[in-house]
Amino acid sequence: MKKSVLTRYRVMAYVTAVMLLVLCTCMIFKYGFDKGADITFVVSQIHGVLYIVYLVFAFDLGSKAKWSFGKLLWVLLSGTIPTAAFFVERKVSAEVSPLVGGVAAEPAKA
């Protein structure tokens, strides 16, 4: 497995987690203080698009790492639970990093 697969997942996990925290803050202001409805709409749209990208990269990593359906589902859903993506990303990175780039390229046979 290429290192870029894990790197893409890690970046999107952090971006999705941060955007979810920003969205939660916006929702508190929108519904708690009746302020920021417009910014909440924009942040929710951005988070939605980034979450879709996160799903694609997490699914790509899961298929290459040959995860079970339950594990893949947990990783995919971690982008919807505030702060969960931070913990899941750390665990996934520790588990998948030995699989990344462990095999050296073989020379071509003539």
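A salt bridge is absent between Lys30 and Asp34; no separation between the charged side-chain nitrogens and carboxylate oxygens falls under 4.0 Å.
Remark: the backbone N or O of Ala13 is not paired with any side-chain donor or acceptor of Thr16 at under 3.5 angstrom. No donor-acceptor pair closer than 3.5 Å links the side chain of Ser93 to the backbone N or O of Arg90.
Linking Ile, Leu, Val, Met, Phe, Trp and Tyr whenever their side-chain heavy atoms come within less than 4.5 Å leaves Tyr31 and Ile28 in two separate clusters. Hydrophobic cluster membership differs between Leu77 and Val18, with clusters built from Ile, Leu, Val, Met, Phe, Trp and Tyr side chains linked at under 4.5 angstrom.
Looking at heavy atoms from C-beta onward, Leu6 lies out of side-chain contact with Phe57 at the 4.5 angstrom threshold. For the pair Glu95/Trp67, a side-chain contact is recorded, criterion being any heavy-atom separation below 4.5 Å from C-beta on. Annotation: side chain of Val96 is not in contact with side chain of Tyr9 (no heavy-atom distance under 4.5 Å). Looking at Leu50 and Ile46, their side chains come closer than 4.5 Å, going by heavy atoms from C-beta outward. Between Val92 and Phe87, every side-chain heavy-atom pair lies at or beyond the 4.5 Å cut-off. Considering only heavy atoms from C-beta on, Val11 stays 4.5 Å or farther from Arg8 through its side chain.
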With side chain to side chain contact (heavy atoms under 4.5 Å, CB included) as the test, would you mind laying out the steps for Asp60 and Lys64 before giving the verdict? CA-CA 6 Å; Asp60 183 39; Lys64 289 181 178 163; 3.3 Å; yes
Could you please spell out the steps behind the side chain to side chain contact (heavy atoms under 4.5 Å, CB included) verdict for Phe29 and Ile39? CA-CA 10 Å; Phe29 277 99; Ile39 191 74; over 6 Å; no
Please walk me through it: do Leu21 and Phe86 pass side chain to side chain contact (heavy atoms under 4.5 Å, CB included)? CA-CA 11 Å; Leu21 291 176; Phe86 292 116; 3.8 Å; yes
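Leu73 CG to Phe59 CZ: the interatomic distance, rounded to the nearest 0.5 Å, is 11.5 Å. Put simply, CG on Leu20 and CE on Met27 are 10.0 Å apart, with the number rounded to the nearest 0.5 Å. The CG atom of Leu23 lies 10.0 Å from the CD atom of Gln45; values are rounded to the nearest 0.5 Å. Atom CD1 of Ile52 is separated from atom CE of Met12 by 10.5 Å, given to the nearest 0.5 angstrom. For the atom pair Ser44 OG and Met19 CE, the distance stands at 9.0 Å (nearest 0.5 Å).
Of all heavy-atom pairs spanning Thr80 and Pro82, the tightest one is O-CD, 3.8 Å. The shortest heavy-atom contact between Val75 and Tyr54 is O-OH, 2.7 Å. Residues Ala58 and Leu72 share a closest heavy-atom pair of O-CD1, 3.9 Å. The two residues Ser78 and Ala84 come nearest to each other via the heavy atoms O-CB, 3.8 Å.
Geometric assessment of Lys71 against the ring of Trp74 yields a negative cation-pi assignment under the 6.0 Å and 45° thresholds.
Other residues, nucleotides and ligands contribute only 12 or fewer heavy atoms inside 6.0 Å of the CZ atom of Phe41.
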